[in-house]
There are 2 protein chains.
Amino acid sequence: MDHSPKEPASDHIANRLALAVHEHRLAPGTKLNEDEVADVYGVSRTVVRAALQRLSHDGLVELRRNRGAFVAQPSVREAREVFEARALLEPRTARSAAERMTGTDLAALQRHIDEEHAALAAGEGGRALYLSGLFHIEIARIADQETIATFIGQLIARSSLIIALYWKRRTAMCESHAHHALLEAMAAHDGAKAEDLMRGHLLDLLTSLDLRNTPPAPRSLREALGT
Amino acid sequence: MDHSPKEPASDHIANRLALAVHEHRLAPGTKLNEDEVADVYGVSRTVVRAALQRLSHDGLVELRRNRGAFVAQPSVREAREVFEARALLEPRTARSAAERMTGTDLAALQRHIDEEHAALAAGEGGRALYLSGLFHIEIARIADQETIATFIGQLIARSSLIIALYWKRRTAMCESHAHHALLEAMAAHDGAKAEDLMRGHLLDLLTSLDLRNTPPAPRSLREALGT
DNA sequence: GCACACGATATTGTATGCAATCTTGTGTCG
DNA sequence: CGACACAAGATTGCATACAATATCGTGTGC
């Protein structure tokens, strides 16, 4: 929606690719051939390389020397680390957000949840997952912590990959329910409760993963980049 | 020390520049002209651009569209955010590290502190500061949290800029003393104490800043890139 | 028939050149 | 004398071309 008038172009590509990963249209392990991506988006390899480098820094893409870029396949250990980091950052941040919450913020969060529901109802599970991630980031923004919000954004992105790899059940219900409970606590400025809820939410997410099997198999590319 | 045999070259430049910033040889606000940097390191603008982009992502460099790259000048607000994030990440991580600590880790940390002292004694305050940052990152590595270590690394880098801008006193003593106390707690596997010490250490750092004045003035470039 | 070595192909790494944009100096008008 | 407009210069954004390296198929020797 927010097409910045003069976006640096490589950022645009990076965002498109990131969105594709978020929405599980690009599976972990997919090779991102520079020429191919450049062709798909009608730009030069130069900007594709810049985009891939940025995504690599975010942990969404793995760059192997002279081998190319691949959508990252977080290991089990990495998965634990990501949720460990989230457990350190997000509960406290949720508390701060609850304390600083304004009516405008509330409305924005509510809108997020509504969109999430809508996407879920429309069978767009990928988009729902993406929006659910935005919800977490928005909380950090409300807490007025842009730096932490950036970190959480990176962790959310990698969480998306982790979920794609290690998701156990099929119930995405828990997500929106947990988010709704969080929203209520924050609307009531109950920081302690928000912190607890967030902690529990992250724990639920972690336990809903099956972190025992080995990494999975790659896949092809162009089919997933329709948009 | 660890010159990888075939480093991606843009990483090399990025590390060199990052080191220069860490050691306060590059002041906040310094313009990083692409041609100039390319000339200094004997490479093409292409790799310089890649390096600058990476540094931008780390928050060390600010990229302004069609205006160029500048060493970042963290605002007062950003400074608070950075230390807020560190306060969330580092104490708990120090606790984990204390619990997992091995003899090898201890030796490595001790070596870090020794180097820090040596640099300080040699009047190389910049290098001492850099090593002091490495100490914090090493703790996260000992805690076996590579992801968090990466985040802390970014925060340390920005902290270096913040210190360059807002440092109040001249005493760098507190640093190494605090680190020594931390080391002892961790050597004794006293997680709770390590956590408290780290929390206090970060608070000391924060209160030793003068976060009231306005951002400072830029400077020229080539003089700072001797090496 | 299998293993190793070599060469063709493909892909990434880097350099260079041109176009777009911003900065800055100069001149003119009020 | 000050302010605005415009043009020249400088710098970044992007695309293309070449070089370095890895992958993979093929062939030969054992």
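Lettering of chains follows the sequences in order, A, B, ..., and the numbering in each one begins at 1.
- The existence of a salt bridge linking A:Arg77 and B:Asp144 is confirmed by a sub-4.0 Å separation between a basic side-chain nitrogen and an acidic carboxylate oxygen.
- Using a 3.5 Å distance cut-off with no hydrogens or angles, the side chains of A:Asn33 and A:Arg45 do not pair a donor with an acceptor.
- B:His179 and B:His112 share no donor-acceptor pair across their side chains, judged by distance under 3.5 Å alone.
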Dump every N/O contact between nucleotides 5-7 of chain D and the protein below 3.5 Å, one line per pair.
none

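- Across all non-hydrogen atoms, the minimal contact from B:Ile13 to B:Val43 is CD1-CG2, 4.2 Å.
- Under the 4.5 Å side-chain criterion, counting only non-hydrogen atoms from C-beta, B:Ile139 is not in contact with B:Ile152.
- One can place CG of B:Asp39 at 15 Å from C1' of D:dT11, the figure rounded to the nearest angstrom.
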Any protein N or O atoms within reach of nucleotides 12-15 of chain D? Criterion: under 3.5 Å, listing atom names and distances.
unit_1, atom_1, unit_2, atom_2, d
D:dG13, OP2, B:Arg49, NH1, 2.5
D:dG13, OP2, B:Arg49, NH2, 2.7
D:dG13, N7, B:Arg45, NH2, 3.3
D:dC14, OP1, A:Pro8, O, 3.3
D:dC14, OP2, A:Pro8, O, 3.4
D:dA15, OP2, A:Ser44, N, 3.0
D:dA15, N7, A:Thr46, OG1, 2.8

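- By the 6.0 Å and 45° rule, B:Arg16 does not stack over the aromatic ring of B:Tyr41.
- A salt bridge links B:Arg127 with B:Glu115; the closest basic N to acidic carboxylate O contact falls under 4.0 Å.
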Set out, in order, the CA-CA distance, both residues' side-chain angles and the distance that settles side chain to side chain donor-acceptor pair (under 3.5 Å) for A:His136 and A:Arg86, then state yes or no.
CA-CA 10 Å; A:His136 285 250; A:Arg86 292 185 65 175; 3.2 Å; yes
